[in-house]
A.B. asks: 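Provided herewith is a single structure, encoded as structure tokens, for subsequent inquiry.
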Number of protein chains: 2
Amino acid sequence: MGQQNKPAADSGSRESERRRTILRAAIDVFARKGYHGCRIADVAKEAGVAYGLVYHYFKNKDELLETVFDTGWSGFVTRVRAVVEGEGTLAEKVRGIVDVAFEAYRVDPRAVKVLILEIARSPAGSRINRQTAFVDAIRLSSGLFSVARERGELRPELDAHLASALLFGNIEMGLTAFVVGLADARDPEALEQAKAQIANSFLYGVLTGAQAAEVSEWKPEKSATKSKAPKRS
Amino acid sequence: MGQQNKPAADSGSRESERRRTILRAAIDVFARKGYHGCRIADVAKEAGVAYGLVYHYFKNKDELLETVFDTGWSGFVTRVRAVVEGEGTLAEKVRGIVDVAFEAYRVDPRAVKVLILEIARSPAGSRINRQTAFVDAIRLSSGLFSVARERGELRPELDAHLASALLFGNIEMGLTAFVVGLADARDPEALEQAKAQIANSFLYGVLTGAQAAEVSEWKPEKSATKSKAPKRS
DNA sequence: CCGGCGGGTGATTCGCCAGTCAACCAGCGG
DNA sequence: CCGCTGGTTGACTGGCGAATCACCCGCCGG
């Protein structure tokens with residue numbers, strides 16, 4: 001009986017509704033109690049399904065986490081790649097990447113929380129090398145910086161990898177501030193502002209003088225939000 | 001050496017030799033296998049003591065982790081505070097903070113690894129709010145930036161808290177690169193370079209033009225020796 | 001010499017939770 | 001109407017590991 005109607009088999013295409021429900025529930029519970037702090041029973045209850053069903057769709061707890069990771073991360077990387085490979089100046093692309101990250105957070109804060117808090121730094125355990133994944137993202141955008149450096153847009157003393165790492169460091173820390181509650185996540189104003197500040201200070205920090213001058217002139221064009229924040233100086 | 005009675009009682013002063021051995025072992029094992037991946041038995045074996053003795057010195061596994069955290073983090077914060085409250089320009093202090101972090105890594109990479117990978121972002125679980133601790137550090141140095149902004153050294157549109165968060169984000173990401181193996185930790189040259197790049201790109205990113213100009217002139221005075229920043233006490 | 005005390009030991013206990021499995025139920029084709 | 005198939009259920013179990021506890025031993029004071 002070489003049968004393999006395993007729902008997991010055709011990944012991505014049309015997984016059952018149930019599977020997605022469980023995945024969703026897993027994200028929520030992980031976000032609330034952490035991977036180690038949550039029981040499969042919790043996930044099942046959250047999803048409103050029987051305990052055993054979780055194991056019908058996922059081999060084990062690790063695979064569940066792994067799937068959460070793959071889903072979220074691959075979506076992110078895909079969008080980042082689109083930005084990296086698209087048209088635009090370095091500055092525009094950097095802004096683009098920051099946008100992607102913050103948009104992801106706006107759309108689904110809990111998923112981002114899980115990615116940041118649970119997965120990004122997590123020691124040995126399951127098979128997935130999240131470190132590899134993380135490193136891949138850094139490498140992906142580091143190409144951007146090598147090119148820019150050759151063009152003389154980047155401070156020559158900067159290492160491309162490090163620059164890339166710093167960008168993600170900034171983004172991650174900015175998001176962490178929200179995740180952790182340092183900043184108010186429900187305030188869209190705050191999000192916009194943080195986004196702009198992260199991109200700007202990173203660009204100022206990394207570009208050569210000539211390029212940096214242009215940064216100052218940049219204004220957020222699409223004011224989906226209200227006018228720029230009145231900053232008291 | 002003098003002998004002391006309740007080991008746990010007088011915290012910090014002179015805890016028994018044994019207690020410290022166990023703590024040390026815990027750090028090593030946590031660094032190797034992660035908090036959740038390690039058994040108390042592993043810690044005991046690593047320390048070369050009996051299983052039960054661990055419970056003689058620590059109430060439970062959580063308290064063990066908590067102690068690791070407190071020890072490492074408070075040391076770090078103390079040094080950071082010294083820098084913050086010491087003499088010097090903003091740029092010098094920023095460099096000082098970066099120094100403190102990297103020096104800590106140089107001295108005890110494994111402890112730093114545990115702090116970064118296991119504790120810094122870790123969800124609900126034990127009592128300690130590491131998040132609070134983290135936030136405290138950010139607040140601590142954010143004062144630096146408020147002052148700097150009033151003096152006009154800082155780009156006026158920057159939020160002091162965010163700037164501070166970004167600094168730690170940069171540092172953390174830089175260290176993570178080593179912890180994770182992206183960069184070669186055994187190369188002291190690489191460490192020095194990363195340090196300089198982090199400090200510089202952050203400063204460029206955050207300072208006003210006038211101040212930033214001075215950054216370019218800065219040179220690491222000694223490659224082998226540490227900077228003038230108050231190093232270990 | 002005795003007894004008590006505090007550091008030190010490690011087999012035992014005990015609760016928890018991932019993962020299993022037999023039974024259940026809807027639909028459907030014959 | 002029957003029986004098969006595949007999604008669905010939840011009681012159950014097996015192992016694992018945190019925490020306990022009864023015991024050990026060297027020292028000190030009386």
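Letters A, B, ... are given to chains in the order of the sequence lines, protein chains preceding strands, and every chain is numbered from 1. None of the values given here were measured: they were computed from a predicted structure.
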A.B. asks: What integer distance in Å separates H36(B):NE2 from dG17(D):P?
C.D. replies: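 Checked: the NE2 to P distance equals 14 Å.
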
A.B. asks: Output the rounded distance in Å from NE2 (H56(B)) to P (dG10(C)).
C.D. replies: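 Distance check: H56(B) NE2 to dG10(C) P gives 15 Å.
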
A.B. asks: Starting at CZ of F58(A) and ending at P of dA18(C), how long is that distance when rounded to a whole Å?
C.D. replies: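 The answer, rounded to whole Å, is 15 Å.
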
A.B. asks: Figure out the CZ/P separation between R19(B) and dG8(C), and round it to whole Å.
C.D. replies: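 Answer to the nearest Å: 13 Å.
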
A.B. asks: Is Y57(A) near enough to dT8(D) that one of its side-chain N or O atoms lies under 4.0 angstrom from OP1 or OP2?
C.D. replies: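 Yes.
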
A.B. asks: Tell me which of A50(B) and A41(A) sits closer to the 5' end of DNA chain C, going by the nucleotide each one is nearest to.
C.D. replies: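 First, find each residue's nearest nucleotide; the 5'-ward one identifies A50(B).
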
A.B. asks: Of all the heavy-atom pairs spanning E172(A) and E172(B), show the shortest one and how long it is.
C.D. replies: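 Nearest pair, atom of E172(A) first, then E172(B): OE1-OE1, 4.3 Å.
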
A.B. asks: Nearest whole angstrom, please: distance from the C1' of dG17(D) to the NZ of K45(B).
C.D. replies: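 These atoms are roughly 14 Å apart.
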
A.B. asks: Can you tell me whether the side chain of Y51(B) and the base of dA11(C) have a donor-acceptor pair closer than 3.5 Å?
C.D. replies: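 Answer no: no donor N or O sits under 3.5 Å from an acceptor.
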
A.B. asks: Report yes or no: is the cationic atom of K61(A) (NZ for Lys, CZ for Arg) under 6.0 Å from the centre of the six-membered ring of Y35(A), at an angle within 45° of the ring normal?
C.D. replies: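 Satisfied, under 6.0 Å and within 45°.
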
A.B. asks: To the nearest angstrom, how far is Y55(A) atom OH from dG7(D) atom C1'?
C.D. replies: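 The distance from OH of Y55(A) to C1' of dG7(D) comes to 18 Å, rounded to the nearest Å.
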
A.B. asks: Which of the following nucleotides, dT8(D), dG7(C), dA18(C), is nearest to the side chain of R18(A)?
C.D. replies: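 Closest of the options to the side chain of R18(A): dT8(D).
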
A.B. asks: Under the criterion side chain to side chain contact (heavy atoms under 4.5 Å, CB included), I'd like the reasoning laid out for L203(B) against R95(B): C-alpha separation, chi angles, the key distance, then a yes or no.
C.D. replies: CA-CA 9 Å; L203(B) 286 170; R95(B) 279 184 219 289; 3.6 Å; yes

A.B. asks: So does D108(A) pair up with R24(A), basic N to acidic O under 4.0 Å?
C.D. replies: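 Yes, D108(A) and R24(A) are salt-bridged.
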
A.B. asks: Of all the choices, dG8(C), dA18(D), dT8(D), which nucleotide is nearest to the side chain of K61(B) once you look at every atom?
C.D. replies: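 Nearest listed nucleotide: dA18(D).
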
A.B. asks: Roughly how many Å is it from CD1 in I40(B) to C1' in dG17(D), rounded to a whole number?
C.D. replies: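 Those two atoms, CD1 and C1', are 9 Å apart.
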
A.B. asks: Give the nucleotide from the list dA18(C), dG7(C), dG19(C) with an atom nearest to the side chain of R39(A).
C.D. replies: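 Of the candidates, dA18(C) comes closest.
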
A.B. asks: Could you check how far CG of N60(A) sits from C1' of dC17(C), rounded to whole Å?
C.D. replies: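 The distance from CG of N60(A) to C1' of dC17(C) comes to 14 Å, rounded to the nearest Å.
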
A.B. asks: Can you label the angle between the F69(A) ring and the W73(A) ring as parallel, tilted or perpendicular, going by 30° and 60°?
C.D. replies: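 Answer is parallel, since the angle falls under 30°.
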
